[in-house]
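Single-structure report; data block below.
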There are 2 protein chains.
Amino acid sequence: MTQPATTLANRVCEAIVQDIVTGVIPQGAKLNEPELARVHGISRGPLREAMSRLEAMRLIKRVPNVGARVVDLSYDELLEIYQIREALEGLAARLAAQNMSKAEAQDLRNLLVDHERHIEQTHGESYFKQEGDVDFHYRIVQGSNNQRLINILGGELYNLVRMYRYQFSLSSNRPQQALKEHDQICAAIEEGDAELAEWLMRRHIGNARRNIMQRMQADANPAGDS
Amino acid sequence: MTQPATTLANRVCEAIVQDIVTGVIPQGAKLNEPELARVHGISRGPLREAMSRLEAMRLIKRVPNVGARVVDLSYDELLEIYQIREALEGLAARLAAQNMSKAEAQDLRNLLVDHERHIEQTHGESYFKQEGDVDFHYRIVQGSNNQRLINILGGELYNLVRMYRYQFSLSSNRPQQALKEHDQICAAIEEGDAELAEWLMRRHIGNARRNIMQRMQADANPAGDS
DNA sequence: GAGTCATATATTGTCTACAATATTTAGTAC
DNA sequence: GTACTAAATATTGTAGACAATATATGACTC
């Protein structure tokens, strides 16, 4: 139980990340330094350092002498994120197919079996609403063995994806289809077919992107029955 | 001449970035906070904030309660960077082909004409040793119109690429070939052929990667004439 | 002489106070 | 009543001092 082993800035940073992702601090909200510091029981120094990290994660935007605001999630930004995910996770899948150990591949497979069971039990309601999907993608990224790739995807993009999911209820409405695509990707990795893994992953994220974009546009223009 | 409009941390951050990239502060060097602050004539507060940004750019690594060191450039890390560049700049080229205005495309073409002239005049010695190559790639990234992509590539990856070039003298040894590839990419963008632009860019960076890796391995194992 | 422990030093982490800038509010002119 | 100006307020940026941790030094044991 050597709990600290870290710095105040670190701890508070994680706490604020969670608050932003889950919407406790809403989009566009201004971050007041003295107040935030008081809430978390620290001084402004470490708090500002935590905010620097939030800025690096692109969860807040800072303007000199004016202050910091939580980013506004928009249709365009989500599109940007998915474009990047398509490219980077395609790479991750390729590298994972080349580099993953037998044990890691087996873990990935086990995860999918769990997913399947959950989807059956809950009729597709549960897992993809939560973190199951992110888990699958995160493991592949880990398996890429490319530390910089891991940092980019894990450090900033996935937090934003989680944020969209929480706040826009963007869970998958096609869990069976997504699971099937996951299964294909996993198979390609198991066989060490790097090119196929990349291609499947790109298509998978492309599908998710199109699906989400379609739903967001539908939300923006509520079904007219003209 | 309203020069400030920014913060001390910003300015000092840029200065330190330059020092790290150009090797004034060498790889693996420890960054002593009081000393650095004194050198730049600021206090430790803003300095630490600048260091947070350096950390976000992955130019330094921090360990709590121990300190910060400049990253060590390695063969493996360079490979990681080029893998990511291949994926992301492929995306950038695709988007640029879709989004670049006529004027932007013309600017890109002019840049290439300049490059060509420089290569002819200097017999391929000059431009690629400096920033000409980065310029070309940077403009395409800008033309992608994807702000997050611009941030990732411009904010951290390009600084590291510059750092490798400065410190490992990794200028291109195939300027004519590289220029030809640039020309092809530019043509694809001009014609709005997104798929081709992506494919060409990926091949271009893949070529550069293989070329550089080969030379680095040759350096590591100096030509044996067994 | 090598290794280990304790002390001393240096460095990072944190807090409080102050200065500079931006925002808000009140007042005045039209 | 609206638009502009100026004071008042609040917030961010910066500096310096203190606390906690890690590193270096030196004495002591085996």
Side-chain angles (χ1 to χ4, degrees), chain A residues 1-20 24-72 155, chain B residues 1-20 24-72 155:
Chain A
M1 287 296 173
T2 63
Q3 60 224 14
T6 181
T7 173
L8 281 189
N10 267 314
R11 204 141 32 92
V12 170
C13 177
E14 285 178 32
I16 300 178
V17 166
Q18 193 62 16
D19 283 349
I20 291 178
V24 173
I25 306 176
Q27 295 178 44
K30 180 138 193 291
L31 298 183
N32 185 302
E33 291 183 7
E35 185 190 337
L36 257 185
R38 188 181 51 73
V39 167
H40 288 90
I42 65 174
S43 168
R44 273 183 60 218
L47 180 85
R48 281 172 66 87
E49 202 152 324
M51 285 173 65
S52 287
R53 301 197 185 180
L54 297 176
E55 188 184 18
M57 296 179 191
R58 328 271 183 199
L59 287 177
I60 68 174
K61 278 191 175 181
R62 266 179 153 172
V63 181
N65 292 314
V66 172
R69 312 190 84 92
V70 177
V71 293
D72 279 310
Chain B
M1 285 297 176
T2 63
Q3 60 223 14
T6 182
T7 174
L8 281 188
N10 267 313
R11 205 141 32 92
V12 170
C13 176
E14 286 179 31
I16 299 177
V17 165
Q18 193 63 16
D19 283 350
I20 291 178
V24 173
I25 306 176
Q27 296 178 44
K30 179 137 193 291
L31 298 182
N32 185 302
E33 291 183 6
E35 186 190 336
L36 257 184
R38 189 181 50 73
V39 166
H40 289 90
I42 64 174
S43 169
R44 272 182 61 218
L47 180 86
R48 281 173 67 85
E49 208 154 300
M51 286 173 64
S52 286
R53 301 198 184 181
L54 297 175
E55 188 185 18
M57 295 179 191
R58 330 270 184 200
L59 286 178
I60 67 173
K61 278 191 175 181
R62 267 178 153 172
V63 181
N65 292 314
V66 173
R69 311 191 84 93
V70 178
V71 293
D72 281 310

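Throughout, protein chains are lettered first and strands after them, A, B, ... in sequence-line order, and every chain is numbered starting at 1.
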What string of B, S and - do you get for nucleotides 6-12 of chain D, 5' to 3', if B is base contact, S is sugar-phosphate-only contact and - is no contact with any protein heavy atom under 4.0 Å? -----SB
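Of all the heavy atoms in A9(B) and A50(B), the pair that sits closest is O-CB, 3.6 Å. Closest heavy-atom contact between R58(B) and V71(B): O-CG1, 3.3 Å. When every heavy atom of I60(B) is checked against every heavy atom of M51(B), the shortest pair comes out as CD1-O, 3.5 Å.
Across the protein-nucleic acid pair, I42(A) atom CD1 and dT16(C) atom P stand 12 Å apart, rounded to whole Å. Between L47(A) atom CG and dG13(C) atom P there is a gap of 16 Å when expressed in whole angstrom units. Distance CG (L8(B)) to P (dT14(D)): 4 Å, rounded to an integer number of Å. Protein atom CZ of R38(B) is 15 Å distant from nucleotide atom P of dA10(C), rounded to whole Å. Note: CZ (R11(A)) to P (dG13(C)) measures 14 Å, nearest angstrom. One can place CE of M51(B) at 7 Å from P of dT12(C), the figure rounded to the nearest angstrom. Between R53(A) atom CZ and dG13(C) atom C1' the separation is 12 Å, expressed in whole Å.
Taking the side-chain hydrogen bond (donor to acceptor under 3.5 Å, both in side chains) definition, one finds that E33(B) meets it with R44(B), R48(B), sequence neighbours left out. For the side-chain hydrogen bond (donor to acceptor under 3.5 Å, both in side chains) test, no residue two or more places apart in sequence or in another chain qualifies with R38(B).
At dT14(C), one or more side-chain N or O atoms of T7(A) fall inside 4.0 Å of OP1 or OP2 (strictly under the cut-off).
Counting heavy atoms of neighbouring residues, nucleotides and ligands inside a 6.0 Å radius, atom NZ of K61(B) does not exceed 12 of them.
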